[in-house]
Colleague: 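Below: one structure in structure tokens.
Below, chain A is the first sequence line, B the second, and so on; all start at residue 1.
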There are 2 protein chains.
Amino acid sequence: MGIPASGATTLADVAARAGVSLKTASRAVNGEQHVREETRAKVLSAASDLGFQLNSSASLLARGIASSFVGVVTGDLANPFYAMLAQGAASELRAHQLSVTLGSSDESSAQEEVLVDELARRSVRAVIAASAMTSHAPYAALQRRGVPVVFVDRAPTDLDADSIVLDNAGGARAAAEHLLAGGHRRIAFLGDFERLPTYRERLDGFTAAMDAATGAVDAGWRELVREGAHDPEVAARVTGELLDAANPPTAIFASNNRATLGVLRELARRGDTTTALVGFDDFDLAEVLGVTVVAHDARAMGAQAARLVVERLADPRRDTELVRLPTRLVTRGSGERAPRA
Amino acid sequence: MGIPASGATTLADVAARAGVSLKTASRAVNGEQHVREETRAKVLSAASDLGFQLNSSASLLARGIASSFVGVVTGDLANPFYAMLAQGAASELRAHQLSVTLGSSDESSAQEEVLVDELARRSVRAVIAASAMTSHAPYAALQRRGVPVVFVDRAPTDLDADSIVLDNAGGARAAAEHLLAGGHRRIAFLGDFERLPTYRERLDGFTAAMDAATGAVDAGWRELVREGAHDPEVAARVTGELLDAANPPTAIFASNNRATLGVLRELARRGDTTTALVGFDDFDLAEVLGVTVVAHDARAMGAQAARLVVERLADPRRDTELVRLPTRLVTRGSGERAPRA
DNA sequence: GTGAAAGCGCTAACAC
DNA sequence: GTGTTAGCGCTTTCAC
């Protein structure tokens, strides 16, 4: 029973037991070169006997490295979009010996600010953020300290940093064009918080399509633009209001997965099977429900963000990059419903 | 422009600039007592001028603390169950100055073992694991080193550790009883990997209900038990096979959310609206689709696991605890379909 | 191939 | 209230 009762097994203990110097033990444990195979085996066996584990704080400190953690800031992991993003980032970072530490802002600027401070205090090596903030000052502070920040899904407005976003305008325009081509003229736009760049870009793409179809289009389409539908509950309520109005839309474009969920709930509640629907973001049951969506790859986005982190870590002075990922329209029926006569 | 070009601003720099000793600077920065307000302000202002940030490795090392990270091991964040679990754990741990670091095993024992090793190397303070392993030796090694391990969803079989699980048997029994009460006699059981304790417990609960109804029940129900339906694709295929058989089930109990998804896809594909369905695990669109489920609170489970971590950190010698969380049947239609004549 | 000494940046004692 | 002196456990020169 050579296992020590309480923690504190140090490299020195291992070295002593193996009858070598501290440095040799270090070399062996870290898999460095210039150690005879025999010596290495002796050290490793001693380490295993003692249940030794390198103290990562000491190791990082001696090496002059701050940490091996990358902070990932998202809205809420309950949203599969963020979960996939985090997953993609984590698996890519693992390949570079980096770990992910999580933080959820719940889309609150205040909470996000606290979170970023916390990450700074924990000396994270870099940060990947799907930021809900309008001013990115806390991130600027991180950057100045040499901590790379990569923005995902939403590019920063007042900061020069790597970012990776979706082709929001293109996706939204494709959705609108699809509905227009199907003969719809009264198309509602269900947007997220107005302050988010994704909201604006998607509305821009939507607007472009609607404007291009002008003449054919009821000029009143702008009355059907709604914002603030960040969660399903609000989206459902807004959908109800739209459909109860005097001149209701014949189609709805839900500009994110939570909004789509809300629309689906409201349509189901009232047994509405005629209103057409296209959603931004794909989801597990979209096929079962026959929901046409603007799809993209959140996991790839996370992985790509991780790659940007690694590259900037390697070369802090390279030019910042803005990567725009494509979307694609997946038709499944809900977007192909004909407008009510 | 007092901002240093490259990293390395240390407490010593701050102390020098503030004209105080290293220790006083440390006290001020750490918000300790016994520092005059005036001195504290001076130090804090110097720190802010220099863009100083405490080096957490050095701080932890000096304090004799391994780290402030808790590793959370799950199958795959794409599964909302795990995402909620992680979220619940993270927010509870934050209240105790602990951060979460993520790892996905993809339900592979080998990958999970690598992951646990990695966590050990990163000197995590504790681990919360939804383990897919049958032998928990790697976790035992962690425990011996004084790193608490809390098991969630699946209790360890060969290890004494805190764990928090669902009332799997109770939930499954309730589901079976509900279908039996509805007149179903041929009820299929769609299980996850056989090696998982959740599989076994849910099958046990299911079996109890079926056996209790013996006499009324077709003795052949055991032929309708399937395992290995871990992902939607397999679940869909198995569902198809069951329904294509000579004497198909009139109802299906899908023993987890991925299985339910697969069943829904297959039922939708073949336009089957008569086969009854109850799923274990609630999901966003269950109400829209009218799916009856055995519901529970994954977020609470994560939070509870975090609480167990904190308690054991505070008192490593307390008796290990097994917490069992309740489930509840939520009826929405799919479980109330009458058996085919 | 191996080892001795110095020090990473910080905090814990213990003075003052 | 503030400062001084030792380390925390490890990795790095640079010798041997």
Side-chain angles (χ1 to χ4, degrees), chain A residues 4 6-44 46-47 50-68 97 120-125 145-146, chain B residues 4 6-44 46-47 50-68 97 120-125 145-146:
Chain A
S6 74
T9 322
T10 74
L11 234 203
D13 301 335
V14 174
R17 183 181 238 261
V20 299
S21 80
L22 192 55
K23 180 57 204 170
T24 302
S26 168
R27 277 200 261 258
V29 164
N30 286 299
E32 284 171 31
Q33 297 188 317
H34 305 303
V35 186
R36 215 190 315 153
E37 248 337 300
E38 195 187 319
T39 316
R40 180 192 307 284
K42 209 166 48 181
V43 172
L44 259 31
L50 296 171
F52 169 79
Q53 200 66 34
L54 216 50
N55 177 320
S56 64
S57 292
S59 172
L60 290 170
L61 175 59
R63 240 191 284 250
I65 294 172
S67 93
S68 58
Q97 340 287 359
R121 211 168 323 136
R122 300 223 186 289
S123 310
V124 289
R125 191 84 178 281
R145 259 178 236 127
Chain B
S6 73
T9 323
T10 73
L11 234 202
D13 301 334
V14 174
R17 184 180 239 260
V20 298
S21 80
L22 191 55
K23 180 58 201 170
T24 300
S26 166
R27 279 199 261 257
V29 164
N30 286 297
E32 285 172 31
Q33 296 189 318
H34 305 303
V35 185
R36 216 190 317 154
E37 247 338 299
E38 195 187 319
T39 315
R40 180 191 308 282
K42 208 165 47 180
V43 172
L44 260 30
L50 297 170
F52 169 78
Q53 201 65 34
L54 216 49
N55 178 321
S56 65
S57 293
S59 171
L60 290 170
L61 175 60
R63 238 191 286 249
I65 294 173
S67 94
S68 58
Q97 339 288 359
R121 211 168 323 135
R122 298 225 187 288
S123 310
V124 290
R125 191 83 179 282
R145 256 179 239 128

Colleague: When the distance from NE2 of A:H34 to C1' of D:dC16 is rounded to whole Å, what number comes out?
Modeller: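 One finds 15 Å between C1' of D:dC16 and NE2 of A:H34, rounded.
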
Colleague: Counting side-chain heavy atoms from CB outward, which of D:dT2, C:dG9, C:dG3 is closest to A:L61?
Modeller: C:dG9

Colleague: Let me check something: any side-chain donor-acceptor pairs from residues 50-59 of chain A under 3.5 Å, sequence neighbours excluded? List them with distances.
Modeller:
| unit_1 | atom_1 | unit_2 | atom_2 | d |
| --- | --- | --- | --- | --- |
| A:Q53 | OE1 | B:R145 | NH1 | 3.4 |
| A:Q53 | OE1 | B:R145 | NH2 | 3.3 |
| A:N55 | OD1 | A:S57 | N | 2.9 |
| A:N55 | OD1 | A:A58 | N | 3.0 |
| A:S56 | OG | B:R122 | O | 3.3 |
| A:S56 | OG | B:S123 | OG | 3.1 |
| A:S57 | OG | B:A66 | O | 3.2 |
| A:S59 | OG | A:R63 | NH2 | 2.6 |

Colleague: Tell me the interatomic distance from B:Q33, atom CD, to D:dT2, atom C1', rounded to whole angstroms.
Modeller: 15 Å

Colleague: Does A:T39 have any side-chain hydrogen bond (donor to acceptor under 3.5 Å, both in side chains) partners at least two apart in sequence or in another chain, and if so, which?
Modeller: none

Colleague: Below the 4.0 Å mark, does D:dT2 have OP1 or OP2 next to a side-chain nitrogen or oxygen of B:T39?
Modeller: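 Indeed, a polar side-chain atom of B:T39 lies that close.
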
Colleague: Taking all non-hydrogen atoms of both residues, which atom of A:S68 and which atom of A:L60 are closest, and how far apart?
Modeller: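 So the minimum-distance heavy-atom pair works out to N-CD1, 4.3 Å.
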
Colleague: Reading nucleotides 10-16 of chain C 5' to 3', which nucleotides get B (base under 4.0 Å from a protein heavy atom), which S (sugar-phosphate only), which -?
Modeller: BBBB---

Colleague: For residues 26-36 of chain B, tabulate all N or O donor-acceptor pairs below 3.5 Å that involve a side-chain atom, not counting sequence neighbours.
Modeller:
| unit_1 | atom_1 | unit_2 | atom_2 | d |
| --- | --- | --- | --- | --- |
| B:S26 | OG | B:N30 | ND2 | 3.4 |
| B:N30 | ND2 | B:S26 | O | 2.9 |

Colleague: Taking side-chain hydrogen bond (donor to acceptor under 3.5 Å, both in side chains) as the definition, give me every residue that meets it alongside B:Q97, ordered by chain and number, with sequence neighbours left out.
Modeller: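 None.
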
Colleague: For B:R36 and D:dG3, what is the distance between atoms CZ and C1' respectively, to the nearest whole Å?
Modeller: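 Nearest whole value for this atom pair: 14 Å.
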
Colleague: A:A12: what forms a side chain to side chain contact (heavy atoms under 4.5 Å, CB included) with it, not counting sequence neighbours?
Modeller: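 So A:A12 forms a side chain to side chain contact (heavy atoms under 4.5 Å, CB included) with A:T10, A:L22.
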
Colleague: Looking at B:T24, does any N or O in its side chain come under 4.0 Å of the phosphate oxygens OP1/OP2 on D:dT2?
Modeller: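 The answer is no; no side-chain N or O of B:T24 sits under 4.0 Å from OP1 or OP2.
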
